[in-house]
Amino acid sequence: MASAEVLFVQGGRKLEGEAVVQGSKNAALPMLAAALLATEGKTVLHRVPPVKDVLVAMEVLRRLGAKIDYDLREEIAIIDTRDVTETRLPEELTSRFRASLLFLGPLLARFRRAWISEVGGCTIGSRPTDYHYRGFARLGAKVEGVAGGGIDVVAEELTGSFMYCDLPSHTGVENLVMASCLARGESIIENAASDPEIVDFVALLQKMGAKIEGAGTRKVCITGVEGLVGAEHTVMHDRLDAGLLMMASAITGGDIILKGVVREHLYVFEAKLQQMGVATIEEGEWLRVRGPSELSPINVVTTFYPGFPTDLQPGMMALACAAKGDSYIRETVFEDRLGHVKNLRAFGAHILPEKDRLVLVRGPAQLKGAKVKAMDIRAGAACVLAGLAAEGRTGIHNLYQLDRGHAHIEHRLRALGADLERL
Ligand code: EPU
């Protein structure tokens, strides 16, 4: 979806002050879907970030018949899904974000049927969905393309089964966990992803009455139960939002303190920042992040958790552009997540394509303000970072992408002394 708004960034300010990391988008999304499983009581979620993908996910729930009371100020969502009967997902909303796939698992578990049309999301590769559908089929569902369009997933009953992901898929595991938790008997998901958002999401499901073991490891076991009830939970902090703020301090030679950085979720990323010369100092519940006068170059290979997160790769590339020397960055999780190279070149960065999703960033480049279009959430974040470091004025278009993942980013960066304006 296009957005007419533009974020203007006047570069060259060192960031100083304090900021708070938002609640995690990628934990809140599966939790909103999981609320569909409650046939008794309400689900109450705290620290739900008001990012566009989350707001659209709430709209999907409403269209299915759920009642949601979302207090934007307090960031609390109270979700009542007891009267839901609709099992067809609204096409015009699911086309906006790929995580809408996550509604299939709970609809299948609770109603034994679901229909979905196209899913949208970031254009970072072909992003297949086979693990989701293959897993549903192993639980006993029939997955069929429908003549009029879309996919029907229907089951007479669901029986616990052995499932696996060829690659550890984040939403794949979440979807299969939800599809299994009301199935008869035990299910096993092998080669599961172990991201912290999955652990947090499973913690909510456990409070709802689900029997799940092994979240956070490569093998997750689910024992089906008769029913689930609403529960209360606080969403973890967003490690990708934390990463963006940390990089904003690093690239401007800033000195900021952040609340809500869970360091154990970001070990590899933090170590890479330290290698670039960034100081990270724990001060009680705050993390101080101090950028050097000149960043050192870095080598990064993205991989599955706990490796370097693919979602922080575009931002890291922006930092590498400003670093003195050659940095190598290799993307291995998604086949086409280098769209921001074009954006960064518009700022004057020297980025040479190698092969096999490897790029050589030759720094330091004197970045200059540019007019750019954010192609996905994290490419948008890379543009913000380059804009903060650049000489002159940057205009970031297609702002909807950035808003999908980061809430009030211009307010939070402005409070740190950055010069940003949304028009
Ligand atoms: N894959 C398949 N088949 C599938 C599913 C995945 O081949 O059925 C492959 C993908 O093509 C990819 C790999 O498995 O090569 C991992 O993809 P994964 O399924 O883990 O990605 P995802 O669950 O769709 C989530 C995040 C993404 C994040 C990735 C990787 C959510 C809502 N989305 O996507 O977040 O990049 O995991 O960590 O949790 C973002 O927030 O900007 C974002 C894109």
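Keep in mind that the numbers below use all heavy atoms, side chains included, and drop hydrogens, waters and symmetry copies. When a ligand or atom number is given, it counts from 1 through the structure's own listing order.
Only side-chain heavy atoms of Asp311 come within less than 4.0 Å of ligand 1; its backbone N, CA, C and O stay farther off. Using a 4.0 Å cut-off between heavy atoms, Glu335 makes no contact with ligand 1 at all. Counting heavy atoms closer than 4.0 Å to ligand 1, residue Ile377 contributes side-chain atoms (C-beta onward) but none from N, CA, C or O. Neither the backbone nor the side chain of His406 comes within 4.0 Å of ligand 1, counting heavy atoms alone.
Under the side-chain hydrogen bond (donor to acceptor under 3.5 Å, both in side chains) test applied with His406, the options Arg412, Lys25, Arg378 reduce to a single match, Arg378.
The closest approach between any non-hydrogen atom of Lys25 and ligand 1 is below 4.0 Å. A heavy-atom separation below 4.0 Å is not found between Phe97 and ligand 1. Heavy-atom distances between Gln401 and ligand 1 stay at or above 4.0 Å for every pair.
Those atoms of ligand 1 that come under 4.0 Å of a heavy atom in Arg378, given as number and element, are 40 (C), 41 (O), 42 (O). Of all the atoms in ligand 1, the ones that sit under 4.0 Å from a non-hydrogen atom of Arg98 are 5 (C), 24 (O).
Between His408 and His411, the ring-plane angle classifies as parallel under the 30° and 60° cut-offs.
In this structure, Leu104 and Leu89 have side chains that are in contact, with non-hydrogen atoms separated by less than 4.5 Å.
Judged purely by distance below 3.5 Å, without hydrogens or angles, the side chains of Glu270 and Thr280 pair a donor atom with an acceptor atom.
Checking Arg134, Arg337, His132, His170 against atom 37 (O) of ligand 1, the nearest heavy atom belongs to His170.
Geometric assessment of Arg357 against the ring of Phe334 yields a negative cation-pi assignment under the 6.0 Å and 45° thresholds.
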